[in-house]
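Convention: sequence-line order gives letters A, B, ...; per-chain numbering from 1.
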Amino acid sequence: MTEKNVSENFITQIIDTDLESGKHQDIVTRFPPEPNGFLHVGHVKSICLNFGLAEDYQGVCNLRFDDTNPAKESVEYAQSIQRDVEWLGFKRDKEVRYSSDYFDQLYTYAQELIEKGLAFIDEQTAEEIRENRGDFTHPGVNSPHRGRPRSESMDLFRRMKAGEFEDGKMVLRAKIDMQSGNLNMRDPIIYRIKRQHHIRTGDKWCIYPMYDFTHCISDALEGITHSVCTLEFADHKPLYDWVLDNISIGCHPHQIEFNRLNQTFTIISKRKLIELVEEGVVDGWDDPRMPTVSGMRRRGYTPQSIREYAKKSTVTKKPSIIPMSTLEDCVRQELNTIAPRVMGILRPLKVVIENYPEGESEMIVAKNHPMDESFGNREIPFARELYIEADDYKENANRKFFRFTEGREVRLRYAYYLTCQRAIKNDAGEVIELRCTYDPETKGGSSPDGRKVKGTIHWVSAQHADDVELRLYDRLYNEKSPKGMDNLNDNSLEILESAKIEPNIINNSEGIRYQFERMGYFYRDKIHETNKPIFNRIVTLRDSWAKLEQ
RNA sequence: UGGGAUGUCGUCAAGUGGUAAGACACUAGAUUUUGAUUCUAGCAUUCGCAGGUUCGAGUCCUGCCAUCCCAACCA
């Protein structure tokens, strides 16, 4: 038995009850995005819930595009959504659905409502409708057209569809209760006139159904058993039920609301994400700093770790905000087991080994994974001139710093013990080179006399290393609960153009997530690079030294 | 001043009347040729507040308080 996709929660309890009572034999769920933007972490939770539930209970989950507003939707968005869902690892056994597939049936159901005297054509302007709807403290006022004969509404509705009226001239409204405390029940609009080219139906329709009318019927037509949505739709449930109770349809799905996934230092709102893209704050929807699925993919996050994260955001009714560290923890946890180790230098500092023969080099054997022998070994060239990390030298270091400082011996990973003799500075007083000596007896990284060195640092051979560009990412916002552009983190992207990487990596790097030892996990950004190979830092390693240092 | 929901460790949570799981974070220590990984220990006398019922309440009752969502011809 494999592990469940979804951990036990109040929704699985409802499903269990429904299965036990015989209300349902099988379950059917759906993920119903509007193709008006890219998928983000918030959607991931919903995807994992709906598809995960279907898998766990051996049911079905439909991917359905809720495409009832042609003004905002595009095929590009629909394609990106489909790609993202597949990338996350969920497969559908049925074709993709579209709410627009049901436009004819929706139109018929609307007529049924009119026939029953439960819907009418309203000719008030949008402003009048808004005013007469009232607000939280004032009840609404009935439309002057509310009492219009059914036959007249029917005639008008058909002529609406036939294109006889201009946009905004009239709407079809459900006749419910203008006194209701729930604004959604104050004679909600269910059809409007909108001359827009639709991504699926083209110019066939000039009237389009509204979400509240479409969604419940689409669910019912697909035989959805559990219609899972986020908390903000709770107020719409009475309307969802009202529609299904008042038309001739043999299915009434159970709408269940759960809490959205929120993340610290992140804004998850399609509107705000679009703004970042359009203002050029980020490099598109797939910028590695974006909380979009495409951004996380480009950054190097794995589908598995993203799913694990979504699973950790437990399904309840309590609005919650998950620390980013939880996501990073999920990512590190998987990467630690699957990432081969290599050595790369982010900020190179030249080292010359004075007692190593000029013009010579040798091969050093290194493990590709410290805990997993199946990753095998590799050989790395070692020579007189190396690059090490600039941070691994400190002019005035105390005893707690156990890397390079003048006179101190450290270990070059897998290679030799090296002693720093002196630092060479430029006119500005910056250290530009280290002159060192090595102990030839310590090849492999241990000494015959058993003396201890506390520090181990990574390195590359200057003449053999490859040049790469590295991009380091930080959170997009400074505030834990960012409100908008004002809270942007100016240092969310750092580009390192003179980074070095050990040889024989860049040509085999496609699709492989590497750990640059001590520096973090990196992933090749092949699609977006221009002249030099680019690696994105997926996430740093945990760094207790950095904490100590503060 | 209406309607809907939610309140258990810094964060996310389990708990369904019997004496507060777990995860992330954090702290201390051990091991370590990544200051990584791993390991070990610590981390809520208390469940928004106040009363009440009960032998016994986070769980039941009453009242109060706080927070979130809702006033697109968006979804």
Side-chain angles (χ1 to χ4, degrees), chain A residues 7-9 13 32-34 36 66-69 71-73 99 122 124-126 129-131 133-140 167-173 179-186 188-194 207-208 210-212 214-215 229-238 257 259 261 264 270-271 312-314 316-323 325-330 332-333 336-337 341 343 366-367 370-371 400-403 410-415 417 442 444-446 453-458 515-520 540-549:
Chain A
S7 16
E8 197 175 307
N9 59 60
Q13 284 176 11
E34 182 186 14
N36 69 341
D66 215 342
D67 56 348
T68 57
N69 185 2
K72 293 186 175 173
E73 296 147 8
S99 294
D122 196 354
Q124 293 179 102
T125 64
I129 288 177
R130 186 174 358 99
E131 276 165 28
R133 185 159 32 223
D135 57 30
F136 295 152
T137 52
H138 304 286
D167 289 16
K169 198 70 185 165
M170 54 185 71
V171 293
L172 181 66
R173 289 233 252 172
Q179 256 63 245
S180 174
N182 182 343
L183 284 326
N184 295 124
M185 298 299 269
R186 319 243 262 227
I189 292 167
I190 56 180
Y191 262 93
R192 77 286 212 188
I193 307 171
K194 203 169 201 143
I207 57 170
Y208 291 95
M210 300 285 287
Y211 164 83
D212 285 304
T214 309
H215 200 83
C229 62
T230 45
L231 253 21
E232 66 270 27
F233 289 97
D235 287 340
H236 295 251
K237 192 181 180 198
E257 310 88 22
N259 61 342
L261 184 159
T264 55
K270 266 191 213 170
R271 240 202 91 241
K312 282 189 177 176
S313 167
T314 327
T316 69
K317 277 185 176 293
K318 179 188 161 191
S320 64
I321 180 156
I322 313 286
S325 60
T326 303
L327 209 206
E328 292 177 343
D329 180 69
C330 292
R332 285 192 190 105
Q333 208 168 310
N336 181 44
T337 66
R341 271 58 168 174
M343 293 198 278
K367 288 182 178 178
M371 290 93 77
K400 290 216 165 161
F401 182 83
F402 31 84
R403 280 112 78 174
V410 304
R411 172 167 38 234
L412 294 179
R413 174 136 245 227
Y414 298 121
Y417 287 6
T442 56
S446 59
V453 281
K454 190 84 170 150
T456 299
I457 65 173
H458 56 107
Q515 184 195 103
F516 286 13
E517 296 216 26
R518 307 206 302 136
M519 294 289 115
T540 61
L541 259 35
R542 275 255 219 57
D543 190 352
S544 55
W545 167 250
K547 278 177 202 159
L548 235 180
E549 217 179 8

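Between A:Leu231 and A:His138, it is A:His138 whose nearest contact on RNA chain B lies nearer the 5' terminus.
Residue A:Arg341 holds its CZ atom at 7.0 Å from CD of A:Glu517, rounded to the nearest 0.5 Å. Separating the CG atom in A:Asn182 from the CG atom in A:Asp235 is a distance of 5.0 Å, to the nearest 0.5 Å.
Closest to the side chain of A:Met210, out of B:rA75, B:rC24, B:rU16, is B:rA75. Residue A:Asn69 places its side chain closer to B:rC74 than to any other of B:rU6, B:rC74, B:rC69. Nearest nucleotide to the A:Lys312 side chain, out of B:rC24, B:rG2, B:rC73: B:rC24. For A:Lys318, the side-chain atoms get nearest to B:rU6 when compared with the rest of B:rA36, B:rU6, B:rG4. Side-chain proximity of A:Asn259 to the nucleotides B:rC73, B:rC69, B:rA13 is greatest for B:rA13. Nearest nucleotide to the A:Thr326 side chain, out of B:rU34, B:rC24, B:rG35: B:rC24.
Few gaps surround NZ on A:Lys317; more than 12 heavy atoms of other groups in view lie less than 6.0 Å from it.
Against the 90° criterion about 0, the sugar-base torsion of B:rA50 places it in the anti range.
Under 3.5 Å, the side chain of A:Arg332 and the base of B:rU37 form no donor-acceptor pair of N or O atoms.
A distance cut-off of 5.5 Å between ring centres, combined with a plane angle under 30°, leaves A:Tyr211 outside any stacking arrangement with the base of B:rC74.
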